[in-house]
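When a residue number appears, it is its place in the shown sequence, counting from 1.
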Amino acid sequence: MDSDNSTESPFWSLGNVTKNEEHHFEESKQSFIYAVSFICLTLYVGVICREWLKRLHFPYTAFLFLFGCILGIVDRNLKQFRIMTGLAKFDSRLMMHIFLPVIIYESAYSLDPHMFFMALTQCFLLAVPGLLLCTSLTAVFAKYILGVYQWEWSVCFVFGAILSATDPVAVVALLKECSISSSLTTLIEGESLLNDGTAIVLFDSLIRVYEGGEFSVGKIAYQFLYNCGVSIAVAYVISMGTVTLLKRIELDTDIEVTFTFCIAYLTYYTSEVSLHVSGVLSVVVLGVSVASYKSSINYEEEETSTIHQFWETLSFWANTLIFTIVGIIIASRSTLDFGDIGFIIATYTAVTVFR
């Protein structure tokens, strides 16, 4: 046996283990321990600061973002610290697949279905025609005011679609910290969720048309309507099956919690990964559809129900982690060219006016 490449396995091992394999195992173990430690410490900081920030009337999510930026600056200048923030370095698309289903489903499920359907017309006008108008105005701004970058019209419209989306994560988190009327909360939250779903559909449609090489209004409209239609249809079919099964469950909270958790992620991945349509829009429709049948499902009282508290806790964890990670990513990766500051301020002002 080559003593340099293998070592005698202990009695509990299934066979000989090479030193390379042992080294790889130790590295994987350390990475896992540091990742779990980062999650626990971030949640611990969030728990400690949440009540304290309420007294100061400072937004919780803004604090988490600033906290993440501080960690990112330390990460950028202190190599020894990077092993702790390694979890924040994974692909941003993976971060969306992990956190978005939880946050979007909890927000949609928590909406008051009666108020939401009453405000649906206003939400739709703001989220669809309003978004399309804002995207078009931003594209025109990018083409003529940001002309130094010499973007084509297709790139300008993609840029407009990105900036025109509201952030449902931030909106939902801030609304929960403010004491405002439930009707206004429903209108703002419902519009934010629909706006984000529509923006992602529009962005995907523009990207596919751009990659196809021919930029035309007809192709964009077709892709947009196709993505919206398939996303809503998939979510509606899954939600009807979900409601049917939940009606047969006799107050078994373990089954209810596990089933809704699985179905939220499966709906998102079915639309986003398998069918290549909007997973966000599908989860929004799923959450609202299930919420509209709460009275016919064997749930406990809403405010004290296990399923309600479970989703609120998951949403709190997801918000705490995602805002901290975003802060780390921006502070550790971004390189600011001071020559762009004027364009950044002008773009921010223009998008605010357009909205």
Side-chain angles (χ1 to χ4, degrees), residues 36 39-40 42-44 46-48 50-51 54 60-61 95-117 168-169 171-173 175-177 179 182 185-186 189-190 192-193 197 232 234-273 279-323:
V36 173
I39 292 172
C40 292
T42 302
L43 293 176
Y44 180 77
V47 169
I48 295 297
R50 188 177 185 182
E51 288 299 320
K54 284 182 180 178
Y60 174 67
T61 51
M95 185 169 66
M96 290 178 61
H97 291 331
I98 294 173
F99 293 118
L100 273 184
V102 169
I103 296 171
I104 299 299
Y105 181 84
E106 190 274 335
S107 302
Y109 177 78
S110 299
L111 286 173
D112 184 327
H114 178 68
M115 288 188 176
F116 175 74
F117 287 117
V169 177
V171 171
V172 169
L175 284 176
K176 290 181 179 179
E177 297 173 19
S179 299
S182 57
T185 300
T186 302
E189 190 172 350
S192 177
L193 290 170
I232 293 172
V234 168
Y236 182 77
V237 171
I238 294 176
S239 66
M240 291 301 99
T242 301
V243 170
T244 302
L245 290 174
L246 288 175
K247 285 180 179 180
R248 300 176 180 274
I249 299 172
E250 296 295 335
L251 288 176
D252 190 326
T253 54
D254 291 336
I255 295 178
E256 291 172 356
V257 166
T258 305
F259 185 70
T260 54
F261 176 80
C262 294
I263 211 68
Y265 273 92
L266 289 174
T267 300
Y268 180 85
Y269 293 144
T270 299
S271 295
E272 191 75 24
V273 179
V280 170
L281 188 58
S282 291
V283 174
V284 170
V285 174
L286 174 72
V288 173
S289 299
V290 174
S292 64
Y293 284 91
K294 283 179 186 176
S295 59
S296 61
I297 298 174
N298 299 318
Y299 281 167
E300 309 164 51
E301 288 296 322
E302 178 61 20
E303 295 301 322
T304 59
S305 70
T306 304
I307 192 168
H308 179 78
Q309 293 174 353
F310 168 79
W311 280 105
E312 277 201 337
T313 301
L314 274 187
S315 180
F316 168 70
W317 289 3
N319 277 307
T320 301
L321 291 170
I322 196 170
F323 279 99

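Side-chain contact between F116 and S292: absent, with no pair of heavy atoms (C-beta onward) separated by less than 4.5 Å. A 4.5 Å side-chain heavy-atom check between V284 and Y105 finds every atom pair outside the cut-off.
Looking only at atom types and distance, the side chain of S110 has a donor-acceptor partner in the side chain of E106 under 3.5 Å away.
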_F99/N319 under side chain to side chain contact (heavy atoms under 4.5 Å, CB included): CA gap, chis, key distance, verdict_ = CA-CA 8 Å; F99 293 118; N319 277 307; over 6 Å; no
_Would T320 and Y60 count as a side chain to side chain contact (heavy atoms under 4.5 Å, CB included) here? Give the steps._
CA-CA 9 Å; T320 301; Y60 174 67; 2.7 Å; yes
*For L111 and L193, run side chain to side chain contact (heavy atoms under 4.5 Å, CB included): C-alpha distance rounded to whole Å, both residues' side-chain angles, the deciding distance at 0.1 Å, then the answer.*
CA-CA 11 Å; L111 286 173; L193 290 170; 4.1 Å; yes
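Every side-chain contact (heavy atoms from CB on, under 4.5 Å) that M115 has, sequence neighbours left out, goes to D112, S182, S183, T186. Scored by the ring pair (Phe, Tyr, Trp, His ring centres under 6.0 Å) test, F310 finds no partners at all (sequence neighbours excluded). Every residue was checked against the side-chain hydrogen bond (donor to acceptor under 3.5 Å, both in side chains) condition with T267, not counting sequence neighbours, and none meets it. In this view, I255 and I249, D252 satisfy the side-chain contact (heavy atoms from CB on, under 4.5 Å) rule, not counting sequence neighbours. For S271, the side-chain hydrogen bond (donor to acceptor under 3.5 Å, both in side chains) criterion is met by S282, not counting sequence neighbours. Contacts of Y265 classified as side-chain contact (heavy atoms from CB on, under 4.5 Å), with partners at least two apart in sequence or in another chain: P101, V102, F261, Y269.
The nearest pair of heavy atoms linking A264 to L286 is CA-CD2, 3.9 Å. For V257 against I307, the heavy-atom pair with the smallest separation is CG2-CA, 4.0 Å. Between I103 and A318, the shortest heavy-atom contact is CG1-CB, 3.7 Å. F316 and R50 get closest at one heavy-atom pair: CD1-NH1, 3.3 Å. In plain terms, the two heavy atoms of Y109 and A291 that are nearest each other are O-CB, 3.4 Å.
The CZ atom of F259 lies 5.5 Å from the CG atom of L246; values are rounded to the nearest 0.5 Å. The CD1 atom of I263 sits 6.0 Å away from atom CD1 of I238, with the distance rounded to the nearest 0.5 Å. Taking CH2 of W311 as the start and NE2 of H308 as the end, the distance is 13.0 Å to the nearest 0.5 Å. For the atom pair CG of L43 and CH2 of W317, the computed distance is 7.0 Å after rounding to the nearest 0.5 Å. Note that CD1 of I322 is 8.5 Å distant from CE of M96, once rounded to the nearest 0.5 Å.
Within the 3.5 Å criterion, the main-chain N or O of Y236 finds a donor-acceptor partner in the side chain of S239.
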